[in-house]
Enquirer: 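The structure is given below, and queries will be raised subsequently.
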Amino acid sequence: MSRIVGGLILAASLAAVVGWPTLTMVLEAAHGSSPTGAGGIVRPLGLALETLKVVGAAELIALPLGTVLALLLTRTDLWGRRVMLALTTLALFVPMPLHALAWLGAFGNVGRMQAIGSTPLLVGWLGAAIVHAIAMVPWVVLLVGVGLRSVEPELEEAALLDLPAWRVMLRVTLRRSIGAIAAAALALAVLTAGDMTVTDLVQPPVRTYAEEVYTQTHLNHEPAAAAVVALPPLLVLGLLVVVGSRWLMRADPARIASAAIRARLW
């Protein structure tokens, strides 16, 4: 009975948080007119390409770096790890505009690099991806850290009888944390694709779906055009969630009861 009640509560929560906004957006897009933009036609393939470039580069930078940091800060006896974890948690509350202004002001197009006779380093879609990756590293560290701390200790102890510690870390610890790593990757993709702060401030500006939604809202003064632009990324991300969930159910089976025992420090 408790499982049924829990499932009903989860279904109602998802319907309220995800289902209703999605339904209203689909209805708005169905009743609205085609969006307009520069030249009178929205360039969906160009927007998709730019968005994928920024998100993909941010994933390639932030996910490996955040995973290594999570491993060091949550599963080793590294000196100062508690202070670093506290600072990492604090970095979660730094707004994206501050990240953008700080990094673009130091290495971008604001003028600091030109003052010392150098050209800007953070430019275009790659510069935007780097800023996004730096801002998302704390999220990756904490999400992956939860997965690393929940690995069953007895699996690692049993593997240590036959394998050296570094192979146990790769083949058991990281393998059992694949669900947390995938969750961090999905969160990074959603937060990066939905933000237009960095892509709007970097030079030259990067035109993504997020900025196009904002532009359509102001050009048409109605939510219908913005909803049409937002539908493709919604469908793509929704499909990724469904496919990724089914894959994770096979790749990351249920934890055994002793998973609550504190994991060892390497």
Enquirer: Side-chain heavy atoms under 4.5 angstrom apart, residues restricted to Ile, Leu, Val, Met, Phe, Trp, Tyr: same cluster for Leu186 and Leu143?
Expert: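 Unlinked, Leu186 and Leu143 end up in two clusters.
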
Enquirer: Which of these passes side-chain contact (heavy atoms from CB on, under 4.5 Å) with Thr192: Val54, Val131, Thr51?
Expert: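 Of the listed options, the one satisfying the test is Val54.
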
Enquirer: Which heavy-atom pair separates Ala133 from Ala58 by the least distance, and what is that distance?
Expert: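 In terms of heavy atoms, the two residues are closest at CB-O, 3.8 Å.
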
Enquirer: Can you tell me how far the OG1 atom of Thr173 sits from the CD atom of Glu152, to the nearest 0.5 Å?
Expert: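 Reported to 0.5 Å precision, the distance equals 10.0 Å.
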
Enquirer: Out of curiosity, Leu160 CG to Leu163 CG, how far, rounded to the nearest 0.5 Å?
Expert: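 It comes to 8.0 Å.
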
Enquirer: If you look at every heavy atom in Glu59 and Ala185, which pair is closest and at what distance?
Expert: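 So the two residues come closest at OE2-O, 2.6 Å.
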
Enquirer: Evaluate whether atom CE of Met84 has more than 12 neighbouring non-hydrogen atoms of other residues, nucleotides or ligands under 6.0 angstrom away.
Expert: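 Counting neighbours around CE of Met84, 12 or fewer heavy atoms of other residues, nucleotides or ligands fall under 6.0 Å, so no.
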
Enquirer: Examine distances only and state if a side-chain atom of Arg81 and a backbone atom of Leu72 form a donor-acceptor pair shorter than 3.5 Å.
Expert: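 No.
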
Enquirer: Check whether Leu148 and Ile181 end up in the same hydrophobic cluster, where Ile, Leu, Val, Met, Phe, Trp and Tyr are linked by side-chain heavy atoms less than 4.5 Å apart.
Expert: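 As far as the 4.5 Å side-chain criterion goes, Ile181 and Leu148 are connected within one cluster.
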
Enquirer: Do you reckon Leu188 sits in the same ILVMFWY cluster as Val243, going by side-chain contacts under 4.5 Å, direct or chained?
Expert: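 They do not share one cluster, since no chain of ILVMFWY contacts under 4.5 Å joins Leu188 to Val243.
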
Enquirer: Salt bridge check, Arg75 against Glu156: does any charged N sit closer than 4.0 Å to a carboxylate O?
Expert: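 Yes.
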
Enquirer: If hydrophobic clusters are built by linking Ile, Leu, Val, Met, Phe, Trp and Tyr wherever their side-chain heavy atoms come under 4.5 Å apart, do Val94 and Val141 end up in the same one?
Expert: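 No, no single cluster joins them.
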
Enquirer: With the side chain counted from C-beta on, respond yes when Pro138 and Thr89 share a heavy-atom pair under 4.5 Å apart, and no when they do not.
Expert: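 Pro138 does not reach Thr89 side chain to side chain.
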
Enquirer: What's the verdict on side chain to side chain contact (heavy atoms under 4.5 Å, CB included) for Leu155 and Arg176, showing C-alpha distance, side-chain angles and the deciding distance?
Expert: CA-CA 10 Å; Leu155 294 181; Arg176 293 294 288 163; 4.0 Å; yes

Enquirer: Quick one: pull up CD1 in Ile130 and CH2 in Trp103 and give me the separation to the nearest 0.5 Å.
Expert: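 So the gap between those two atoms works out to 10.0 Å.
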
Enquirer: Can you check whether His99 reaches Pro97 side chain to side chain, under 4.5 Å on heavy atoms?
Expert: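 No. Closest side-chain heavy atoms not under 4.5 Å.
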
Enquirer: Find the distance between CD1 (Ile134) and CG (Leu122) and round it off to the nearest 0.5 Å.
Expert: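 With rounding to 0.5 Å, CD1 (Ile134) is 7.0 Å from CG (Leu122).
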
Enquirer: Using 0.5 Å steps for rounding, measure from the CD1 atom of Ile61 to the CG atom of Leu63.
Expert: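 Reported value, rounded in 0.5 Å steps: 11.5 Å.
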
Enquirer: Under the side chain to side chain contact (heavy atoms under 4.5 Å, CB included) rule, what do Leu191 and Met136 come out as? Steps first, then yes or no, please.
Expert: CA-CA 8 Å; Leu191 293 174; Met136 292 297 107; 3.6 Å; yes

Enquirer: Are side-chain heavy atoms of His132 and Met96 found at a separation under 4.5 Å?
Expert: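 SC-SC contact between His132 and Met96 confirmed.
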
Enquirer: Do the side chains of Phe107 and Leu98 join up, straight or via other hydrophobic residues, at under 4.5 Å, putting them in one cluster?
Expert: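 Shared cluster, no.
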
Enquirer: Hey, mind stepping through Thr67 and Leu174 against side chain to side chain contact (heavy atoms under 4.5 Å, CB included) and telling me if it holds?
Expert: CA-CA 9 Å; Thr67 301; Leu174 288 178; 4.1 Å; yes

Enquirer: To the closest 0.5 Å, what do you measure between CG (Leu73) and CG (Leu142)?
Expert: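 Here the interatomic distance stands at 9.0 Å.
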
